[in-house]
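Input: a single structure, listed below in structure tokens.
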Amino acid sequence: MTQDELKKAAALAALDYVPEGAVIGVGTGSTVNHFIDGLAGIRSRIAGAVSSSEASSARLRAYGIPLVELTNVDELPVYVDGADEIDGGFAMIKGGGGALTREKIVAAVSRRFVCICDASKKVATLGCFPLPVEVIPMAARHVSRELAALGGKPVLREGFTTDNGNLILDVHGLAITDPRGFETRVNQIVGVVTNGLFAHRGADVLLLAAPGGVERFERG
Ligand SMILES: O=C[C@H](O)[C@H](O)[C@H](O)COP(=O)(O)O
């Protein structure tokens, strides 16, 4: 199976977690695109979706799935999203597509985070994938220096602007042994909007697709 076929298998398994009649949270990325495609087949069963990016909104809209503003919702029963890496404690690095801030906001109001991944995303220690950090443009040099002082090698994502009008620094060379502590530490740098560590709000369910099938893991 190709990596994309594995992503699709994980994404379709997440349809089991979509409650009847609910408004659900929808993430961003190539794995989530498969989920949205699957959701289209059951769209009459849901009330709508809160989207985490302009890209996902466009795909949901194309299928006629009603978009709901997060400002009109207090809580979502489930949020389905991919990850760039996930560790054994259900902490993740996200934001490879630059959608980390809206993803973190939608995840924060969701009761259950269902993470959909192919098996290559499962790691012992987070950080092989460069950690995305969204920054206010005027703070980019300052934040870069601070991240370097923490031991990383920040690289500006050239030619990329987030849906919020900000920049992304991708931090290479990290081995994140304390995901919660590092998430907090990076958030304290002035000028950082969000970082791509989802440790304080990690996944609740992991659907991990390997050639032998989709394994389901639940946080205890
Ligand atoms: O900003 C993008 C998101 O965090 C994605 O969920 C993440 O990058 C995984 O993307 P993909 O499903 O394309 O591997």
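Bear in mind that the values here come from a model prediction, so they are computed numbers and not experimental data. FYI, side chains are in, hydrogens and waters are out, and symmetry mates aren't considered; it's all heavy atoms of this structure. Just so you know, residue 1 is the first one in the sequence shown, and it goes up from there. Just follow the structure's listing: the first ligand is 1, and inside any ligand the first atom is 1.
- What sits closest to atom 12 (O) of ligand 1 on the protein, heavy atoms only, is Thr31 OG1, 2.6 Å.
- Checked against a 3.5 angstrom limit, the closest N/O atoms of Gly96 and ligand 1 fall inside it.
- At a 3.5 angstrom cut-off on N or O pairs, Leu100 does not count as close to ligand 1.
- Under a 4.0 Å criterion applied to the non-hydrogen atoms of Gly82, ligand 1 contributes the atoms 6 (O).
- Short contacts between ligand 1 and Ala99, defined as distances under 4.0 Å to a heavy atom of the residue, involve ligand atoms 1 (O).
- Looking at Asp84, its side chain does come within 3.5 Å of a backbone N or O of Gly95 through a donor-acceptor pair.
- Comment: Glu54 engages Arg102 in a salt bridge, judged by a side-chain N to carboxylate O separation of less than 4.0 angstrom.
- In the displayed structure, Lys8 atom NZ is contacted under 6.0 Å by at most 12 heavy atoms of other residues, nucleotides or ligands.
- For atom 5 (C) of ligand 1, the nearest protein heavy atom (residue, atom name, distance) is Thr28 O, 3.1 Å.
- Among all non-hydrogen protein atoms, the one lying nearest atom 11 (P) of ligand 1 is Ser30 OG, 3.3 Å.
- Between the side chain of Arg112 and the backbone N or O of Val80 there is no donor-acceptor pair closer than 3.5 Å.
- In this structure, atom 14 (O) of ligand 1 lies nearest to the protein heavy atom Lys121 NZ, 2.8 Å.
- Residue Lys94 has at least one heavy-atom neighbour below 4.0 Å for each of these atoms of ligand 1: 3 (C), 4 (O), 5 (C), 6 (O).
- A cation-pi arrangement is found for Arg157 relative to Phe160, the charged atom lying closer than 6.0 Å to the ring centre and inside a 45° cone about the ring normal.
- Atom CZ of Arg141 is surrounded by 12 or fewer heavy atoms from other residues, nucleotides or ligands within 6.0 Å.
- Counting atoms of ligand 1 from 1 in the listed order, those under 4.0 Å from a heavy atom of Lys7 are 11 (P), 13 (O), 14 (O).
- For the atom pair NZ of Lys7 and CG of Asp118, the computed distance is 6.0 Å after rounding to the nearest 0.5 Å.
- Atom 9 (C) of ligand 1 has as its closest protein heavy atom Asp84 OD1, 3.4 Å.
- Shown here is Glu218, whose CD atom has more than 12 heavy atoms of other residues, nucleotides or ligands within 6.0 Å.
- Just one of Leu207, Leu208, Leu206 meets the side-chain contact (heavy atoms from CB on, under 4.5 Å) condition when paired with Cys115; it is Leu206.
- Taking only nitrogen or oxygen atoms, main chain and side chain alike, Gly97 reaches within less than 3.5 Å of ligand 1.
- Close approach of ligand 1 to Gly29 is summarised as follows: ligand atoms under 4.0 Å from at least one heavy atom of the residue are 13 (O).
- Residue contacts with ligand 1 include Gly98, since one of its heavy atoms falls under 4.0 Å from the ligand.
- For the ring-ring contact (aromatic ring centres under 6.0 Å, His included) condition, the pairs that include at least one residue of residues 80-117, sequence neighbours left out, are Tyr79-Phe113.
- Protein heavy atom nearest atom 3 (C) of ligand 1, with residue, atom name and distance: Glu103 OE2, 2.9 Å.
- With a heavy-atom cut-off of 4.0 Å, Ser53 does not touch ligand 1 at all.
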